[in-house]
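In what follows, residues are counted from 1 in the order of the sequence shown.
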Amino acid sequence: MRMTLSDLILGLMFLVQTGIGVLGNTFLLVTYTSTACTCQALRPTHLILTNLAVANLLVLLFKGIPQIIFIWGVRNILEHTGCKLVNYIHRTARGLSLCTTCHLCSFQAITISPKTMGWMKLKGKALKNNRFFCFLCWISNLLMNVFVPRTAQALQDIHNATKTRNYGLCSSQNPDTSSIVTYTILMTFPDFVFMGLMAGASVYMVLLLHRHHQRVKHIHTLSISHRFSPEAKATQTILLLATNFIMFYFINSILRIYHIAFFKSHFWLQHTPTFLAGCYPTFSPLILMVHEPQKPSFCS
């Protein structure tokens, strides 16, 4: 099959995005796991960031790589079971990335909260249950997406083109209006809950940082500035992660809703939502490496 200029440009974009994202998230995984292996002190956020790196890798591997192969001209690479598995893992990993980013924002908001009795108790519970919340993100997303593979099928299994929708790699049954509404609610409700929590935690952290800046702007002692600097820097990094996720999520959601509702088969409209879905998994490790540079420690 002959490639057009649009195919070539889009294929190169997906190739660069997936390559950078896989390398960045792999570096973070090696960094955090090697630190744990050498028995060095781990911050509580390292476990959350490890979960985030795993989720980002799964998004890129199970959506980016098949998309690259498809754009570069290889068709029908996924069979019936493969379509169901790829769609399930991608959707689960995408939800896990959202849940983990929400957990990261909420945990950091509790960490920098005022040292009152109520907040100190909440900080203790957050530290104690950190692993449980990470585990809960996995279990909840694995269970919430069990219905995703139900309608997915391979392109070669299509028998009636009028009753199916072709998404390039796979296809799905063409649902009726009531099914579309039900599916949209089930898919978006958990996302909006996590997005609301993430946005609330982000606004709260911004207010806390602004309040602290107002209190210390006339104090020039080096010790106070140094003591707050790592905490403020970590909070600003997490805020940047949350802002990027929210921005890419809403742009992607608008395009997907338009594509599902009107099913416009324009070439770029078909692939742009998939590309946007891979932007956060690609940029998040770069943000972490730039704002919180670390070196892996190798096990003896």
May I ask you to test the [X]-[Y] pair for a side-chain heavy-atom distance under 4.5 Å?
X	Y	result
Leu209	Gln236	yes
Phe14	Thr274	yes
Ile69	Ile65	yes
Ile48	Cys134	yes
Trp138	Asn51	yes
Ile112	Met205	yes
Val193	Cys102	no
Tyr88	Leu142	yes

Tyr32 and His46: CA distance, side-chain angles, deciding distance, ring-ring contact (aromatic ring centres under 6.0 Å, His included) verdict:
CA-CA 7 Å; Tyr32 295 138; His46 280 176; 4.7 Å; yes
Do the side-chain N and O atoms of Ser284 and Asn244 include a donor-acceptor pair separated by under 3.5 angstrom?
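The criterion, which ignores hydrogens and geometry beyond distance, is not satisfied for Asn244 and Ser284.
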Report yes or no: do Thr101 and Tyr280 form a side-chain donor-acceptor pair below 3.5 Å?
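Present: a donor and an acceptor within the cut-off.
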With rounding to the nearest 0.5 Å, note down the distance linking [atom1] in [X] to [atom2] in [Y].
X	Y	atom1	atom2	result
Leu239	Cys105	CG	SG	7.0 Å
Leu127	Thr111	CG	OG1	6.5 Å
Phe245	Leu98	CZ	CG	4.0 Å
Arg91	Leu96	CZ	CG	12.0 Å
Ser202	Ile238	OG	CD1	9.5 Å
Ser113	Gln108	OG	CD	10.0 Å

Taking all non-hydrogen atoms of both residues into account, name the closest pair between [X] and [Y] and its distance.
X	Y	result
Val59	Ala277	CG1-O, 4.0 Å
Leu208	Ala109	CD1-O, 4.4 Å
Gly278	Leu60	O-CD2, 3.9 Å
Pro44	Asn130	O-ND2, 3.0 Å

Looking at Gln17 and Phe275, would you say the former's side chain and the latter's main chain have a donor-acceptor pair under 3.5 Å?
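Pair found, side chain donor or acceptor close to backbone of Phe275.
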Counting distance only, does the side-chain N/O of Ser140 pair as donor-acceptor with the main-chain N or O of Cys137 below 3.5 Å?
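Confirmed, Ser140 side chain pairs with Cys137 backbone.
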Could you go through the side chain to side chain contact (heavy atoms under 4.5 Å, CB included) check for Leu288 and Leu241 one step at a time?
CA-CA 8 Å; Leu288 290 169; Leu241 287 175; 3.9 Å; yes
Pair His103 and Phe133, ring centroids less than 6.0 Å apart
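Centroid separation for His103 and Phe133: below 6.0 Å.
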Aromatic ring proximity, centroids under 6.0 angstrom, Trp119 and Tyr204:
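Judged by ring-centre distance (under 6.0 Å), Tyr204 and Trp119 do meet the cut-off.
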Would you call the rings of Phe192 and Phe250 parallel, tilted or perpendicular, taking 30° and 60° as the class edges?
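Ring orientation, 0 to 90° scale: tilted.
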Is it true that [X] and [Y] fall in one hydrophobic cluster, defined by side-chain heavy atoms closer than 4.5 Å?
X	Y	answer
Leu49	Ile287	yes
Met195	Leu136	no
Leu23	Met289	no
Leu122	Phe107	yes
Ile254	Phe189	no

Greater than 12 external heavy atoms within 6.0 Å of Phe147's CZ:
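Yes, the 6.0 Å shell around CZ holds more than 12 heavy atoms from other groups.
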In this structure, which one of Leu57, Leu52, Asn56, Thr18 forms a side-chain contact (heavy atoms from CB on, under 4.5 Å) with Pro281?
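Only one of Leu57, Leu52, Asn56, Thr18 forms a side-chain contact (heavy atoms from CB on, under 4.5 Å) with Pro281, namely Asn56.
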Begin with the C-alpha distance, continue with both residues' side-chain angles, and end with the deciding distance and a verdict on side chain to side chain contact (heavy atoms under 4.5 Å, CB included) for Leu29 and Thr50.
CA-CA 6 Å; Leu29 276 178; Thr50 301; 3.6 Å; yes
Let's go through Leu47 and Arg131 carefully: what are the C-alpha distance in whole Å and the side-chain angles of both, what is the deciding distance for side chain to side chain contact (heavy atoms under 4.5 Å, CB included) to 0.1 Å, and is it a yes or a no?
CA-CA 8 Å; Leu47 177 61; Arg131 292 188 178 185; 3.3 Å; yes
Test log, rule side chain to side chain contact (heavy atoms under 4.5 Å, CB included), inputs Arg94 and Asn252
CA-CA 12 Å; Arg94 183 172 173 268; Asn252 187 19; 4.0 Å; yes
